[in-house]
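Numbering of ligands and ligand atoms starts at 1, following listing order. Below, each value reflects all heavy atoms present in this structure, side chains not excepted, and no hydrogens, waters or symmetry copies.
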Amino acid sequence: MSITLPSNSKMLTSDFIFGVATASFQIEGATNVDNRLPSIWDTFCAIPGKVKGADNGDQACDHYHLWKEDIQLIKHLGVDAYRLSIAWPRVMDEKGEANQAGLNFYRNLLTGLKAEGLKVFVTLYHWDLPQHLENKGGWLNRETAYQFKQYADIVTKELAEWVDSWATFNEPFCAAILGYELGIHAPGLSEPEYGRQAAHHILLAHGLALPVIRKNAPTSQVGIVLNMNRSYAASEKAEDQFACLMRETLDNQFFIEPLIKGQYPQLLKTVAPHYLPTILPGDMDIIAQPMDFLGMNFYTCNHNAYDAEAMFKNVKNTEQVEYTDIGWEIAPHAFTELLVNLHKQYDLPPLYITENGAACADEIVDGEINDEQRIRYLDGHLNAVNLAMESGVDIRGYFAWSLMDNFEWAEGYSKRFGLTYVDYQTQERTIKRSGHAYRALLNSRHA
Ligand code: IFM
């Protein structure tokens with residue numbers, strides 16, 4: 001079983017970048033070394049019942065110590081680029097000063113990646129907010145956006161020379177809505193108004209940091225990473241169509257529209273004004289500055305029926321479809337549709353697919369992991385990207401999520417997204433069949 005693209009695909013040309021992605025808290029472990037401060041995820045993991053199996057990030061993949069081996073693993077997969085995130089609590093102390101011990105880890109990692117000829121895509125915020133900032137209100141406190149600007153300044157001043165691409169945030173939807181509105185991610189708050197206000201401060205932080213990053217890293221590209229699912233209505237009924245529109249507006253448009261058009265969706269003003277955050281004069285101009293790229297993370301689609309209280313509720317697809325081990329529908333056609341629709345709706349900067357992948361119930365048998373479903377998933381979604389490009393969407397790269405199995409947030413270590421299997425007892429890494437298939441596709445480019 002292999003991953004194949006049409007031989008004339010633009011994705012097979014040297015301009016298109018293939019990579020693998022990870023995030024700091026999900027892989028690093030070593031939460032208590034080199035003056036790292038506690039993060040909201042350390043706190044959240046310690047609350048009984050919040051994370052499956054009471055798992056936490058203390059060990060994770062021990063990447064903090066195994067980074068040299070992991071660079072070799074990345075190299076072995078034949079990718080052009082590696083996407084990682086920096087842990088804010090490792091590199092900035094409570095007074096807002098640089099923590100050189102934490103920065104040294106990233107300096108070593110980044111120079112190691114560059115020495116292997118890899119392009120480096122860095123995300124500044126992949127959800128590990130320092131706990132001391134959460135104690136002052138976290139993303140509900142406007143001041144956190146200014147703290148982020150300071151953090152971005154420290155990191156980009158110190159590390160710019162090894163970084164090709166900077167993303168301010170990964171998935172503001174998850175950080176704000178899962179964390180402050182639905183309470184299923186750290187810090188675990190759940191008020192409808194909180195989520196949107198947190199989102200506004202995150203977008204503001206993005207806009208405040210952009211000029212700082214540009215100044216410190218003039219030769220790198222700068223952007224942000226959003227996650228989007230394609231929304232469908234459960235039926236043709238007007239009320240289900242409305243439910244779908246609201247889902248799409250609140251999950252997707254709420255995040256992209258301010259970035260590209262400098263406004264929140266106008267529909268909310270009339271239909272759900274309580275979902276509009278408090279905005280100070282000038283905020284929208286700060287948020288809507290031009291970006292060099294937009295990162296897009298895609299995994300699945302959703303189906304929506306009308307709900308009198310919440311406006312929409314999730315329902316299952318009535319057709320026979322396949323799901324991954326995390327219960328997400330496999331829908332590559334939805335990926336193409338989403339990308340083409342965005343291209344029609346917005347004047348987009350170049351896109352990178354910064355995450356895409358599948359959680360599968362992987363098992364090692366005789367030293368091998370035959371993750372056939374993941375291979376089919378990757379094949380379908382890479383071809384979906386190719387179709388979007390054929391329809392005129394400007395996509396410059398694709399990153400598989402993830403380099404290796406890791407801490408899957410509220411699911412703990414129970415869900416495996418890696419191209420590489422991690423034995424959490426021994427920290428042994430074994431490339432899965434999907435990793436070999438990905439590598440074969442990438443190597444076919446040079447054959
Ligand atoms: O593991 C996460 C990642 O941190 C952010 N995007 C989605 C992935 C799978 O849930």
Please table the atom pairs, donor to acceptor, closer than 3.5 Å between any side-chain atom in residues 19-26 and protein atoms at least two apart or in another chain.
| unit_1 | atom_1 | unit_2 | atom_2 | d |
| --- | --- | --- | --- | --- |
| Thr22 | OG1 | Tyr82 | OH | 2.6 |
| Ser24 | OG | Ser85 | OG | 3.0 |
| Ser24 | OG | Asp128 | OD2 | 2.6 |
| Gln26 | NE2 | Asn406 | OD1 | 3.2 |
| Gln26 | NE2 | Phe407 | O | 2.9 |

Minimal heavy-atom distance between Asp362 and Tyr421, with the atoms involved, is O-CE1, 4.0 Å
The residue among Phe399, Tyr299, Tyr398 that forms side-chain contact (heavy atoms from CB on, under 4.5 Å) with Glu355 is Tyr299
For residues 176-186, which side-chain donor-acceptor pairs fall under 3.5 Å, sequence neighbours excluded?
| unit_1 | atom_1 | unit_2 | atom_2 | d |
| --- | --- | --- | --- | --- |
| Tyr180 | OH | Glu134 | OE1 | 2.5 |
| Tyr180 | OH | Trp139 | N | 3.0 |
| Glu181 | OE1 | Arg196 | NE | 3.2 |

Contacts satisfying salt bridge (Lys or Arg N to Asp or Glu O under 4.0 Å) that involve residues 376-386 (not counting sequence neighbours) are Glu322-Arg376, Glu372-Arg376
**Request:** Report yes or no: do Gln345 and Glu257 form a side-chain donor-acceptor pair below 3.5 Å?
**Result:** no
Residue shell for ligand 1, any heavy atom closer than 4.0 Å, reads Gln26, His126, Trp127, Asn170, Glu171, Tyr299, Trp328, Glu355, Trp401, Glu408, Trp409, Phe417
